[in-house]
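Remarks on the structure that follows.
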Amino acid sequence: MNTDVEKKVGKNIRSLREKSKLTQEELAAQLQIRGCDITRSAVAKIEVGQRHLYPDEIILIKEILKVSFDDIFA
């Protein structure tokens, strides 16, 4: 993925997470409960565009934050 795109998607995820009033730790915990092996540190790296997102993570983040794919990728 293009680094500019990763940064934009990460920024969107951070904004959506904050609107949902979740911390990075809480989002990571919700992902873990759903079978995703991820840490708070990995969530932080996603939000600043330093870590790639896997398709299953995107789907779970969408469900946890109750947003659309357009919200994540817009």
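Please read all numbers here as calculations on a predicted model, not as lab measurements.
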side-chain contact (heavy atoms from CB on, under 4.5 Å) filter on Arg14, not counting sequence neighbours, yields Arg17, Glu18, Glu47

Between the CD1 atom in Ile61 and the CZ atom in Phe69, the distance rounded to the nearest 0.5 Å is 10.5 Å

Worked check of side-chain contact (heavy atoms from CB on, under 4.5 Å) between Ile38 and Ile46
CA-CA 11 Å; Ile38 194 166; Ile46 288 167; 3.9 Å; yes

Residues in side-chain contact (heavy atoms from CB on, under 4.5 Å) with Ala44, at least two apart?
Gln24, Arg40

Asn12 and Val67: CA distance, side-chain angles, deciding distance, side-chain contact (heavy atoms from CB on, under 4.5 Å) verdict
CA-CA 11 Å; Asn12 290 345; Val67 297; over 6 Å; no

Apply the test side-chain contact (heavy atoms from CB on, under 4.5 Å) to residues Leu53 and Glu6: give CA-CA distance (whole Å), side-chain angles for both, the deciding distance (0.1 Å), then the verdict.
CA-CA 8 Å; Leu53 273 162; Glu6 288 178 341; over 6 Å; no

Given side chains that start at C-beta, do those of Leu31 and Asp37 come closer than 4.5 Å, heavy atoms only?
no

Answer with yes or no whether the hydrophobic clustering places Tyr54 together with Val48; edges join I, L, V, M, F, W, Y residues whose side-chain heavy atoms lie under 4.5 Å apart.
no

Without swapping roles, check the side chain of Glu26 against the backbone of Thr23 for a donor-acceptor pair under 3.5 Å.
yes

Pairwise distance CG(Leu65) to OG(Ser20) - rounded to 0.5 angstrom
4.5 Å

Applying side-chain contact (heavy atoms from CB on, under 4.5 Å) to Ser41 and not counting sequence neighbours gives Thr39, Lys45

Return each pair, listed once, that meets side chain to side chain donor-acceptor pair (under 3.5 Å) where at least one residue sits in residues 55-74; pairs must be two or more places apart or across chains.
Arg51-Glu57, Ser68-Asp71

Student check: side-chain heavy atoms of Ile58 and Phe73 closer than 4.5 Å:
yes

Could you state the interatomic distance from CD1 (Ile59) to CD1 (Ile64), rounded to the nearest 0.5 Å?
12.0 Å

